[in-house]
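Here's the structure we're looking at; comments come further down.
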Amino acid sequence: MNNLIFLFIFVPLLSLILLGLNVLLAVHRPDESKVSAYECGFSPIYGQTRSTFQIHFYIVAMLFLIFDLEILLLFPIAVTLYQVSTFGFSIAIIFFIVLTIGFVLEIGSGAIALTNFDQPSYPINKEKKL
Amino acid sequence: MNSNNLMLTIIGLLLNLIDVLAIILPVLLAVAFMTIIERKQLAAHQRRVGPNTVGYYGLLQPFADALKLILKETVIPSQSNKVLFYLAPISTLVFSLLGWGVIPFGQGLALSDFSLGVLYTFALSSLGVYGVLLAGWSANSKYAFLGSLRSTAAMISYELILSSAILIIILLTGSLNFTTIIESQESVYFIFPLLPVFIFYFISILAETSRTPFDLQEAESELVAGFFTEHSSVPFVFFFLGEYSSIVLFSCLSAIFFLGGYNFPEVFLNESFINLQAIVLGLKTCIFCFFFVWFRATLPRLRYDQLISLCWLNLLPVAVAFIILVPSILVAFDISPY
């Protein structure tokens, strides 16, 4: 058997053994306040979890998909740069130009800016000019 | 004849087990000592003594901590998804420990030295995000949920910088195999020609392991402990071990990518039977572990929008520029490093 496959079996087993040790050795006396959600000493307010969240997290994930794919598409040319030489490299440059235009558009449309546009993150002292 | 075959199979399995244990046990020990190194070094930065009671110089402190945590009660919140609640810490630990499978500790001293080692490491570090995401979702607590969102967005953003830095290394070596990467650094370590790449690589691994100044998911004043707020005892140990294992793993990877792995100057070559290569790799790893704690002691935490805009608006354009610059130089001067 391949060593790596053995590692894939061994490591999950190790973690299960540790969990089993905990089940065997530790006490289990749950009570109502122990198993309720952690809320800084107050009793939890129902309906605050798994609510809506800022769209920016989702946009960052989508942008990650595109750019990670782009970088992974470049791995073949990184490995074979000396076989494909100038021609292959010029194709990669064209690929990059297209992507850069897209990236500039993304930045320009403010997709990545996480700051609230009503309140700039840096202090602008407009009043002081008066 | 049949029993002979059975014996051979059992001996083969035992040899496999010894191989795996020879990697995993030192890794777990290294992770344990990484925690004590962090506490001792932070103490030294702040001119304190640090833990010094358990064992000599507090060396047994991590083992005492682990024992204490194993004996603690596991509290499972009543509103959580039970299966995912256990699955998240297990997957974090498993994916960070599996990464050690392809690290060569010396010439031919890897558990599996296969040709796509770098891609394997990438895949596992990407899968590490699932532990964070599942933990935040399954705990069904608002702190854990917000912490996991922040962490996930930061980790996937900085993974881009990490993979583009490694892409540049691949350009210089022409192989995805770790041993080839190390052997192509025999004449010069990549940190010298690629110093700017190393800088943004190191920033990205700080964010990947969510260390200061990028430890936004556990900004204590805002989010308690981030995505593992609700996890206690052994599930918490898994997150803790996973985090420190990935710190040591990424330090080891930086040593391999930028400091020449197990290479060392030929003057130190000797005839003794001591495997100097593994020791050299360990020392180089220690340098990066030291950096991790040093940054924690020195730098203040970023704000979350600064974290994301630093990645997308500053680091990513620089990384893309280097991806174009390095092969341009290689093609223009017709240099073939391999």
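No hydrogens, no waters, no symmetry mates; every other heavy atom, side chains included, goes into these values. First the proteins, then the strands, lettered A, B, ... as listed; each starts at 1. The structure displayed is predicted, hence computed values, not measured ones.
Using cut-offs of 30° and 60° on the angle between ring planes, the pair Phe103(A) and Trp312(B) is tilted.
Only the side chain of Ser233(B) comes within less than 4.5 Å of a heavy atom of chain A; its backbone N, CA, C and O stay farther away. With a 4.5 angstrom heavy-atom cutoff, Ile76(B) touches chain A only via backbone atoms. Looking at Leu69(B), the atoms closer than 4.5 Å to chain A (heavy atoms on both sides) all sit in the backbone: N, CA, C or O. In this structure, no portion of Thr9(B) lies under 4.5 Å from any heavy atom of chain A. When heavy atoms are compared at a cutoff of 4.5 Å, Phe64(A) approaches chain B by way of both its backbone and its side chain. In this structure, chain B has heavy atoms under 4.5 Å from both the backbone and the side chain of Phe67(A). For chain B, the nearby part of Ile93(A) is the side chain; its heavy atoms alone come within less than 4.5 Å. Proximity to chain A is absent for every atom of Ile168(B), based on heavy atoms less than 4.5 angstrom apart.
Heavy-atom neighbours of Phe95(A) CZ from other residues, nucleotides or ligands within 6.0 Å: above the threshold of 12. Atom CZ of Phe8(A) sits in a crowded spot, with more than 12 heavy atoms from other residues, nucleotides or ligands closer than 6.0 Å.
Note that CG of Asn2(A) and CG of Leu111(B) are 8.0 Å apart. Values are rounded to the nearest 0.5 Å. In this structure, CG on Leu316(B) lies 9.5 Å from CG on Leu63(A), to the nearest 0.5 angstrom. The CG atom of Leu19(A) sits 7.5 Å away from atom OG1 of Thr74(B), with the distance rounded to the nearest 0.5 Å. Rounding to the nearest 0.5 Å places OG of Ser126(B) at 6.5 Å from CG of Asp68(A). To the nearest 0.5 Å, atom CE of residue Met62(A) and atom CD1 of residue Ile156(B) are 11.5 Å apart. Rounded to the nearest 0.5 angstrom, Ile70(B) CD1 and Leu18(A) CG are separated by 5.0 Å.
With contacts defined as side-chain heavy-atom distances shorter than 4.5 Å, the pair Tyr120(B)/Leu4(A) qualifies. Between Leu28(B) and Leu14(A), the closest side-chain pair of non-hydrogen atoms falls below 4.5 Å. Under the 4.5 Å side-chain criterion, counting only non-hydrogen atoms from C-beta, Phe6(A) is not in contact with Asp19(B). You'll find the side chain of Ile90(B) reaches within 4.5 Å of the side chain of Leu16(A), heavy atoms only.
Most heavy-atom pairs under 4.5 Å with chain B: of the set Leu72(A), Leu21(A), Leu74(A), this distinction falls to Leu74(A). Options Ile23(B), Ile24(B), Leu97(B) differ in how many heavy-atom pairs under 4.5 Å they form with chain A, and the most are formed by Ile24(B). Across Leu241(B), Leu167(B), Leu119(B), Leu176(B), the residue that shares the most heavy-atom pairs under 4.5 angstrom with chain A is Leu167(B). The candidate from Val75(B), Leu98(B), Val320(B), Ile166(B) with the greatest count of non-hydrogen atom pairs under 4.5 Å with chain A is Leu98(B). The candidate from Leu93(B), Leu15(B), Leu17(B) with the greatest count of non-hydrogen atom pairs under 4.5 Å with chain A is Leu17(B).
A donor-acceptor pair is defined here as one N or O able to donate and one able to accept, closer than 3.5 Å; no such pair exists between the side chain of Asn3(A) and the backbone of Val20(B).
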*Mind running side chain to side chain contact (heavy atoms under 4.5 Å, CB included) on Phe10(A) and Leu21(B) for me, showing each step along the way?*
CA-CA 9 Å; Phe10(A) 181 80; Leu21(B) 282 179; 3.4 Å; yes
*Start with the C-alpha distance between Val94(B) and Ser15(A), add both sets of side-chain angles, then the distance that settles side chain to side chain contact (heavy atoms under 4.5 Å, CB included), and finish with yes or no.*
CA-CA 8 Å; Val94(B) 166; Ser15(A) 56; 4.1 Å; yes
*What do the steps show when you test Ile323(B) against Phe96(A) for side chain to side chain contact (heavy atoms under 4.5 Å, CB included), and what is the final call?*
CA-CA 10 Å; Ile323(B) 290 179; Phe96(A) 254 115; 3.6 Å; yes
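Across all their heavy atoms, Phe57(A) and Ala153(B) have their closest contact at CD2-CB, 3.7 Å. Heavy-atom minimum distance, Ser164(B) versus Ile71(A): CB-CD1, 3.9 Å. Here the shortest heavy-atom pairing between Asn22(A) and Lys72(B) reads ND2-O, 3.0 Å.
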